[in-house]
2 protein chains.
Amino acid sequence: MDSELQDFYVHQDKMYVATDCIIFGFEDGKIKLLVFRRRVEPIKGEWSLIGSFVKIDEDVQEAAKRVLTEITGLKNVFMEELKTYGKADRDPGYRCISVGQYALIRINDYDKELVEKHGAHWYDIKDLPNLVLDHNQMVADAMERLKQKARYQPIGFELLPEKFTIPQLQQLYEAIYQKELDDRNFRKKVLSHNVLIKLEEKDKTTSKRGAFLYKFDHKTYNKLLKSGYNFEI
Amino acid sequence: MDSELQDFYVHQDKMYVATDCIIFGFEDGKIKLLVFRRRVEPIKGEWSLIGSFVKIDEDVQEAAKRVLTEITGLKNVFMEELKTYGKADRDPGYRCISVGQYALIRINDYDKELVEKHGAHWYDIKDLPNLVLDHNQMVADAMERLKQKARYQPIGFELLPEKFTIPQLQQLYEAIYQKELDDRNFRKKVLSHNVLIKLEEKDKTTSKRGAFLYKFDHKTYNKLLKSGYNFEI
DNA sequence: GATAATTAATGTATTTTATACATTAATTCT
DNA sequence: AGAATTAATGTATAAAATACATTAATTATC
């Protein structure tokens, strides 16, 4: 019996705490999810979210950050707790609760080598494979959260490059809401918040004319927040 | 050394999972919180949220329900996960993460004897004592959640009796938002959703004229939900 | 039994925001 | 030079939010 299979039988009476990361990206107008081949028995080798047990002297949040950095090489990524998955029978191997945390990353920022080394793959959110345990549920919950949260907080920008065009931003929101938006009204609404800085440069990768690039203005946004303003897209 | 103090030293290397309940009520126009005298060492006897370790074969959610029922005698109470408190040093006694769950109860429904037996007390949310560990933070987080959530989902009704008047409902929302609302506009908005059933009866406890009682119409609300409608107050 | 006092209920005008929709602008490719 | 393509702008209409004043029903008091 190998040591992992041994664990499988030994630890039925011990409580474990794990964390799993629901890692979202945005590419080609589509929301994508980073998935991995599961590294431990049982069901080793199946598609899975990336996760880890929380160490005895480690904050749960730290554990999630650790995992994310190990895999992507990125630090300072937007990450937020989703919810805790605490069904007694959710994992056939251990009594293990898992704190789901979703992350939003700029898809081209991460260290591709690191990711490939871990047998990772970016799946279109609309075309996911079966994931182990309750991981498909976690993804569904995270997607729902993203949908709700993106409307009232400017977290969508975490999925775009630092510099982006209005049509790109619109594409992103269309992907999140799964709904087409009117381009004239979208632009009007987005710009009305005065939290975008228009740059001199244009992006010409998607059109002959080119579209002006913008940056999100964190400074102004934070100021506005303090004076009781409400972001909404 | 008594057995609880012994536990205190023995279990430093074991991971525990607990759940704590943030129990809200509404009375006299005020949001109130149900707090207890802590039952275990260390800091036994201090004001605390009510909680419990999650048993090895018990769902986390079940554990929270169990606690709530033990204390209040109530079942089928609105309860929702808030977030997980997972700092490694949050509890000096154990390595223990706690899943915070907030509950909304009709303050007169619960079994008063049960509550008194447990040394409980309803505190005005604006006038809380110091609670053990990170429990004040849990309450602050739960209050913030309630504030956010009540706006877009009709959870406020969970804090009112089955039958309530519009002025009562307004008082509740004023307490949640911590802000005065215009009575004419409030009434208009609330009734515009068509999810309140006007009864024949009046409540005369607060005025000579009396105010008509209403019930929340769950059936209609659920129908509307399915057809993509958005509740907002 | 008229009047004062008190809270409930209703209505309207104004401002703001959301929606629906068509044209012009800049650039590259042929 | 003109066709093709995506970006950018504007306007009219509908809907929703806000601000604000009066009337209605009832009980308590003189």
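These values consider heavy atoms only, across backbone and side chains, with no hydrogens, waters or symmetry-generated copies. Chain identifiers are assigned alphabetically (A, B, ...) following the order of the sequence lines, protein sequences preceding nucleic acid strands; residue numbering begins at 1 within each chain.
In terms of modelled atom types and a separation under 3.5 Å, the side chain of A:Arg38 and the main chain of A:Gly45 share no donor-acceptor contact. With A:Asn136 contributing its side chain and A:Leu131 its backbone, the two residues share a donor-acceptor pair below 3.5 Å. Judged by distance alone, with hydrogens and angles left aside, the side-chain atoms of A:Glu174 form a donor-acceptor pair with the main-chain N or O of A:Leu181 at under 3.5 Å. Here the side chain of A:Asp124 pairs a donor or acceptor atom with the backbone of A:Lys126 at under 3.5 angstrom.
Take the nearest nucleotide of DNA chain C for B:Lys208 and for B:Ala211: the residue whose nucleotide is more 5' is B:Lys208. Position along DNA chain C of the nearest nucleotide to A:Lys189 versus A:Gly210 favours A:Lys189 as the more 5'-ward residue. Looking at which nucleotide of DNA chain D each of A:Lys198 and A:Thr206 is closest to, the 5′-most match is held by A:Thr206.
Between A:Lys204 and C:dT28 there is a side-chain polar atom (N or O) within less than 4.0 angstrom of OP1 or OP2.
In this structure, CG of B:Leu213 is placed 12 Å from P of C:dA8, rounded to the nearest angstrom. Between the CZ atom of A:Phe186 and the P atom of D:dG10 there is a distance of 19 Å, given to the nearest Å. When rounded to the nearest whole Å, the span between OH of B:Tyr214 and P of C:dA8 equals 12 Å. Atom CG of B:Asp203 is separated from atom C1' of D:dA25 by 15 Å (rounded to the nearest Å). If you take CG of A:Leu191 and P of C:dA18, they are 14 Å apart, rounded to a whole angstrom.
In this structure, B:Lys202 reaches the sugar-phosphate backbone alone: every heavy-atom distance under 4.0 Å involves primed, P, OP1 or OP2 atoms, never a base. Nucleic acid contact for A:Ser192: none, since no nucleic acid atom lies under 4.0 Å from a heavy atom of the residue.
Evaluation of atom-type donor-acceptor distances gives a pair under 3.5 Å for the side chain of B:Arg184 against the base of D:dA21. Residue side chain B:Arg209 does not reach the base of D:dA25 through any donor-acceptor N/O pair under 3.5 Å, judged by distance alone. For a distance-only test at 3.5 Å, the side chain of B:Arg187 fails to qualify as a donor-acceptor partner of the base of C:dA8.
In this structure, A:Lys83 does not pair ionically with B:Glu81, as no charged nitrogen and carboxylate oxygen lie closer than 4.0 Å. The pair B:Glu62-B:Arg66 does not count as a salt bridge, with every side-chain nitrogen at least 4.0 angstrom from each carboxylate oxygen. Note on B:Asp182 versus B:Arg184: salt bridge recorded, some NZ/NE/NH1/NH2 to OD/OE distance being below 4.0 Å.
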Anything under 3.5 Å between a protein N or O and an N or O of nucleotides 11-15 of chain D, put it in a table, one pair a line.
residue: D:dT11; atom: O4; partner: A:Lys188; partner atom: NZ; Å: 2.8

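DNA chain C lies under 4.0 Å from at least one heavy atom of each of the following residues of residues 163-183 of chain B: B:Pro167.
Side-chain atoms of B:Tyr229 and B:Asn194 form no donor-acceptor pair, as typed in the model, at a separation below 3.5 Å.
Here the closest non-hydrogen pair linking B:Leu49 and B:Leu33 is CD2-CD2, 4.2 Å.
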